[in-house]
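The structure displayed is predicted, hence computed values, not measured ones. Remember, it's 1-based here, ligands and their atoms both numbered in the order they're listed.
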Amino acid sequence: MEKLEMLYEGKAKKVFKTSESGKCWIEYKDDATAFNGEKKGKIAGKGTMNNEISAIFLSLLKEKGVNNHFVQRISGTEQIVLQVEIIPIEVVVRNIAAGSLAKRLGWEEGKELPQAIVEYYYKNDELGDPIINNDHIALLGLTSESDLTKIRNQALKINKILQEFLKMKDLILVDFKLEFGKTLEGEIILADEISPDTCRFWDASTKEKLDKDRFRRDLGNVKEAYQEILRRIGGTVGV
Ligand code: UDP
């Protein structure tokens, strides 16, 4: 398979066309952004770490029957994925109050939710990814109601699988963001990355933050936190 022209450059990844129809070539970058691109920086080795972390999570999910875009990791920073048309909805699942939920509801960060909740955000940088509900999704024609139900059920299933896996590694899955896309065959599958850029992970005993909040909130040891996640989930830390 050959890497062809770049299709898209996002904040943390580049996506290339390939010589094989239906497959894309992804390159993970060290660039980090927060607050809708207002804060910018680089985390040395992040591309390599997130490429491997995401490959581990997406392979686990595939084993557990959650179809997704991951095909194969091909180098330190690169992986092959199925080509999808991304549905412009950021699906956030939360187990513990943190970040924007804590702020919106005036809840203390760390408060356990009685059950996992799912939120939708409109993936639109110009608007700053506003929170939306089922009616807004219908109004904007982002996806059908039945597809949204499938997406919500998949998101909750993914939460259970990841929570259980991470619990064995002494990690708490506080919240995370997912994206879904439509394959050339029209099937809706999980796409994008699952990494400390897109999830909140806390150490189960110390509650130490081991994710991008270390970058967002200038807590220091950002690279070390990503390395720790990689180490706990069984990856190589040679970065
Ligand atoms: N998240 C993400 N991309 C975004 C916004 C949020 O990956 O553009 C993730 C974030 O890492 C966290 C979860 O979604 O795990 C919930 O984020 P929240 O709404 O609390 O926003 P934040 O406080 O990160 O701005």
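A salt bridge links Arg232 with Glu228: the distance from a Lys NZ or Arg NE/NH1/NH2 to an Asp or Glu carboxylate oxygen falls below 4.0 Å. Salt-bridge formation is detected for the pair Arg94/Glu119: a Lys NZ or Arg NE/NH1/NH2 atom is positioned less than 4.0 Å from an Asp or Glu carboxylate oxygen. Taking the charged nitrogens against the carboxylate oxygens, Lys103 and Glu109 have no contact shorter than 4.0 Å, which rules out a salt bridge. Classification of Glu179 and Lys123 as a salt-bridged pair holds, one side-chain N sitting under 4.0 Å from a carboxylate O.
Around NZ of Lys17, the count of heavy atoms belonging to other residues, nucleotides or ligands within 6.0 Å does not exceed 12.
The heavy atom nearest to atom 9 (C) of ligand 1, out of those in Glu193, Lys177, Glu90, is found in Lys177.
Residue Gly99 has at least one heavy-atom neighbour below 4.0 Å for each of these atoms of ligand 1: 20 (O), 23 (O). Taking a cut-off of under 4.0 Å to the non-hydrogen atoms of Thr198, the atoms of ligand 1 that pass are 7 (O), 9 (C), 11 (O), 15 (O). Atom numbering of ligand 1 starts at 1 in the shown order; those under 4.0 Å from a heavy atom of Phe176 are 15 (O). Every atom of ligand 1 is numbered from 1 in the order shown, and the set under 4.0 Å from a heavy atom of Tyr121 is 19 (O). Ligand 1 places these atoms under 4.0 Å from at least one heavy atom of Asp197: 7 (O), 11 (O). For ligand 1 and Asp129, the ligand atoms under 4.0 Å from any heavy atom of the residue are 8 (O).
Nearest to atom 15 (O) of ligand 1 among the protein's heavy atoms is Asp175 OD1, 2.6 Å.
In Phe35, neither the side chain nor the backbone holds a heavy atom less than 4.0 Å from any atom of ligand 1. Contact annotation for Ser100 and ligand 1: heavy atoms of both the backbone and the side chain come within less than 4.0 Å of the ligand. Only side-chain heavy atoms of Arg94 come within less than 4.0 Å of ligand 1; its backbone N, CA, C and O stay farther off. The proximity of Arg216 to ligand 1, defined as any non-hydrogen pair under 4.0 Å, is limited to the side chain.
Some N or O of Arg200 is nearer than 3.5 Å to an N or O of ligand 1, by distance alone.
Protein heavy atoms are found inside the 4.0 Å sphere centred on atom 3 (N) of ligand 1.
For Ala225 against Lys209, the heavy-atom pair with the smallest separation is CB-O, 4.4 Å.
Results of the salt bridge (Lys or Arg N to Asp or Glu O under 4.0 Å) test with Lys11 over Asp197, Asp125, Asp192, Asp31 single out Asp125 as the only residue that passes.
Both tests hold for Lys39 against Phe215: distance to the six-membered ring centre under 6.0 Å, angle to the ring axis within 45°.
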Side chain to side chain donor-acceptor pair (under 3.5 Å) between Glu52 and Thr236, worked out: CA-CA 8 Å; Glu52 189 173 0; Thr236 45; 2.9 Å; yes
